[in-house]
Amino acid sequence: MARLNDEVGALLQEYSDLLLLTGGDAYRARSYEKAARSVGGHPEDLARLDAEGLQAIPGVGRSTAEKITEYLGTGRVAAVDALRAKVPPGVREIMAIPTVGPKKAALVHRELGVSTVDELLDAARAGRLDDLPGLGARTAENIVHGIEVLRQGGGRVLISTALALAEEIAAAVREASGCERCTWAGSLRRMRETVGDVDVLAAADDSAPLTAALTGHPLTAEVLGSGTTKTSVRTTRGLQVDLRVVPAEDWGAGLVYFTGSKAHNVKLRARAVRAGLKLSEYGLFEADGGRKLASRTEEDVYEALGLPWIPPTLREDRGEIEDALNGELGQPVTEQDVRGDLHTHTDLTDGLAPLEEMLAAAHRRRWSYVAVTDHAPNLAMQRMTDAKMLAQREQLQALQGSFGRMRLLHGTELNIDPDGGVDWPPEFLAGFDLCVASIHSAFTLDRAAQTRRLVRACENPYVHVIGHPTTRLLGRRAPIDADFDEVFAAAARTGTVLEVNASPERLDLGDELIIAAHRHGVRFAVNTDAHATVHLDNLRFGVATAQRGRLAAEEVVNTWPLQKLRRFLKADLKRAPG
DNA sequence: GCCGTTTTCGGCCCGACTGTTTTCAGTCG
């Protein structure tokens, strides 16, 4: 649904970047940036809007609407093309390096002719940046470090990006003649936090029409190789897609094989070998006679190996096979278990949708409760005030009952300052149903300071949830350095909930830290941190991450009924005496 | 370029931090 909107949003963002790189008016650039965000978070498909409808989107005026219309009609925007011709694409990539913005990117391009990240790295290491006005040795160091952070992503893309691509390709393959089934496998099906390439699996007797659907797809930029069972292409956005076609009767075996992980499969095959069997993408066979024992469904394959079906999100060889054998796999939390969201924003701060729209979208998800948690005043750019917050509370109270039986909770997202303190005095904090507290500044404090800061936030009796605890941004910002074992111990001791932030660019906590925190007996909340109604759909990424962290519904407080949740929020453990 | 209980011009998200400066520019949330 939102894919076209995201595409247009990306284009407007690019135009904004290009305006800044070419020394255009900063306010004009900001207009396009604002429009980009607004379009990306707009719930209606742009293709269904006329000029008037487009201009009704906040931040979209006549000029932006014309550009969108031009793009929808021709697939291009002349103004964007004109600027692209002036700025090599690598220069815009330079802007993505932390600590490098449009000014520095333009400077190195103009003065040194640097037009790729690699060239900038060379220049920084060779000391050639030191001669530029306003740049020194320290800047060069930061740039080198920034490039390292950027490269740790290793060309992988966000799960949301990969999923949108996979859905589109799979839909096209399903339309091909003779296609019986088609879905995606690989790390995308396991819902790893980032994806290196997309594996699409299809079932058909004749692969040719399916292959043609992929190689002829508008998203395909280059065919890397094509045979009867496997075809690989590079898409227009750089991501590789592998299509595998198996006979319908081997669907289950193929799905197990291509879902992985490699380590999970190795263990499955070893188990097969010990039982005198052989497991491949074509099925489970007797090792000697070659008779096929199972291949039609995943359940068949696992069952023939003496195992229950294991959810894809668990297939990482982290003990899931042993647990399955011992009957200790448990029931991972599912999207259906979630009864509400405890971290959402409205246009009172940096959200895009007004309160009523966010609540209506939450209600459509049939939630039992939702907490509205706009930013607190210490994040100065949000211009929060006591009066605004209290007015929102009144508005929320007035709306109570307007969305069926969905309970509206009033919360806030506090800012954890470098010492571990938060916005507002206790008497004001006491007025909220729920407080999320997050780090939004001072990301570079040393380990001891970050640890102390988070522990103190946990010890604050008014802080119920620590939001996006590591503050990482996948591929863009490293997690803060803290002794998370100590933080988890503090969270468990104080009854502070740790967030599994479902935003695909965060997924924070990630699966491994969830497992570590779980050992301490911590409770979790899977929250969307939605800044637009469409972001509520990100819940699935958070739930998948929780599954990968081996969480059951019971350990996730927003699967609890309202009464239980409210008792928990008011527990003496978290409240100061009196 | 967008927008209007400041309404067709003149503002626009504010403040901290960092590294380079000697009073400030760039970046970030």
Side-chain angles (χ1 to χ4, degrees), chain A residues 11-13 15-39 51 54-68 77 79-80 83 94-108 110 124 129-146 149-150 345 347-352 374-385 388 391 413-419 423 437-445 449 467-468 471-473 476-478 480 501 503 505-506 508 529 531:
Chain A
L11 188 79
L12 295 173
Q13 180 61 54
Y15 190 57
S16 171
D17 290 346
L18 292 173
L19 283 169
L20 291 171
L21 284 168
T22 52
D25 175 48
Y27 286 116
R28 205 172 146 227
R30 187 184 291 175
S31 281
Y32 281 105
E33 187 171 24
K34 184 164 186 272
R37 217 171 86 83
S38 192
V39 161
L54 289 172
Q55 287 189 54
I57 300 172
V60 176
R62 200 167 66 89
S63 182
T64 305
E66 278 172 9
K67 288 184 176 68
I68 295 174
V77 176
V80 178
L83 288 188
I94 287 172
M95 260 181 79
I97 300 167
T99 75
V100 181
K103 293 284 167 52
K104 282 182 200 155
L107 180 71
V108 296
R110 191 174 63 241
L129 300 186
D130 304 6
D131 308 332
L132 298 178
L135 268 57
R138 200 61 207 266
T139 304
E141 260 177 59
N142 287 340
I143 287 175
V144 171
H145 179 250
V149 169
L150 197 65
H345 295 273
D347 65 359
L348 184 62
T349 54
D350 59 350
L352 295 169
D374 273 312
H375 287 288
N378 292 357
L379 201 58
M381 62 190 278
Q382 306 296 349
R383 295 173 142 183
M384 179 52 73
T385 62
K388 280 186 184 177
E413 183 180 13
L414 301 166
N415 304 288
I416 305 174
D417 70 28
D419 295 324
D423 322 55
S438 315
I439 287 177
H440 294 116
S441 64
F443 304 111
T444 55
L445 296 182
H468 47 74
T471 77
R472 71 172 179 180
L473 292 175
R476 284 199 289 142
R477 186 169 68 210
I480 55 165
N501 188 294
S503 167
E505 57 183 16
R506 293 191 184 272
D508 184 11
D529 191 5
H531 284 68

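Here the structure is a predicted model, which is why all the values come from computation and not from measurement. Proteins get letters first, then strands, A, B, ... in listed order; numbering begins at 1 in each.
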Regarding [X], tell me which of base, sugar-phosphate or nothing describes its non-hydrogen contacts under 4.0 Å with the strands shown.
X         : answer
Pro133(A) : nothing
Ala105(A) : nothing
Arg28(A)  : base
Lys34(A)  : nothing

Exercise. How far does CG of Asp374(A) sit from CG of Leu348(A), to the nearest 0.5 angstrom?
Worked result: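 Here the interatomic distance stands at 5.0 Å.
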Exercise. Rounded to the nearest 0.5 Å, what separation is found between the CG atom of Asn142(A) and the NZ atom of Lys104(A)?
Worked result: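 Output value for this atom pair is 7.5 Å.
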Problem set entry | Given dC13(B), dC2(B), dT18(B), the nucleotide with the shortest approach to the side chain of Thr444(A) | dT18(B)
Exercise. The side chain of Pro102(A) lies closest to which of these nucleotides: dT27(B), dG1(B), dG19(B)?
Worked result: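 So the nucleotide nearest the side chain must be dT27(B).
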Length of the line joining [X]:[atom1] and [N]:[atom2], which is rounded to integer Å:
X         : N       : atom1 : atom2 : answer
Asn378(A) : dC28(B) : CG    : P     : 22 Å
Leu135(A) : dT20(B) : CG    : P     : 7 Å
Leu379(A) : dC13(B) : CG    : P     : 15 Å
Glu33(A)  : dT27(B) : CD    : P     : 13 Å
His440(A) : dC17(B) : NE2   : P     : 16 Å
Leu21(A)  : dG26(B) : CG    : C1'   : 14 Å
Ile94(A)  : dT27(B) : CD1   : P     : 12 Å
Lys103(A) : dC24(B) : NZ    : P     : 16 Å

Can you see if the side chain of [X] gets near the phosphate of [N] - specifically, an N or O under 4.0 Å from OP1 or OP2?
X         : N       : result
Thr99(A)  : dG26(B) : no
Asn142(A) : dT18(B) : no
Thr64(A)  : dC2(B)  : yes
Arg30(A)  : dC13(B) : yes

For this session: Report the relative orientation of the aromatic rings in His375(A) and His345(A); use parallel for angles under 30°, tilted for 30 to 60°, perpendicular for over 60°.
Result: parallel
Considering only atom [atom1], compute the distance from [N] to [M] and round it to an integer number of Å.
N       : M       : atom1 : value
dT23(B) : dT18(B) : C1'   : 15 Å
dT21(B) : dC13(B) : P     : 31 Å
dT27(B) : dT20(B) : C1'   : 14 Å
dG11(B) : dA16(B) : P     : 24 Å
dT6(B)  : dC12(B) : C1'   : 12 Å
dG15(B) : dT22(B) : P     : 26 Å
dC2(B)  : dT8(B)  : C1'   : 12 Å

For this session: Take Ala442(A) and Tyr15(A), find for each the nucleotide of DNA chain B with the closest heavy atom, and name the residue whose nucleotide sits nearer the 5' end.
Result: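 Whichever sits nearer the 5' end wins; that is Tyr15(A).
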Problem set entry | Comparing Thr139(A) and Arg477(A) on DNA chain B - which has the more 5′ nearest nucleotide |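 Mapping each residue to its closest nucleotide by heavy atoms, the 5'-most match is Thr139(A).
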Exercise. If pairing requires Watson-Crick or G-U wobble contacts with both distances under 3.5 Å, which nucleotide is the partner of dT8(B)?
Worked result: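 No nucleotide pairs with dT8(B).
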For this session: For residues Glu33(A) and Leu20(A), determine if any side-chain heavy atom of one lies less than 4.5 Å from a side-chain heavy atom of the other.
Result: no
Exercise. Hey, are the side chains of Arg506(A) and Arg477(A) touching, using non-hydrogen atoms and a 4.5 Å cut-off?
Worked result: yes
Problem set entry | Donor-acceptor side-chain pairing of Asp508(A) and Asn501(A) below 3.5 angstrom | no
For this session: Decide side chain to side chain contact (heavy atoms under 4.5 Å, CB included) for Leu129(A) and Thr139(A); before the verdict, give the C-alpha distance in whole Å, the side-chain angles of both, and the deciding distance to 0.1 Å.
Result: CA-CA 8 Å; Leu129(A) 300 186; Thr139(A) 304; 5.6 Å; no
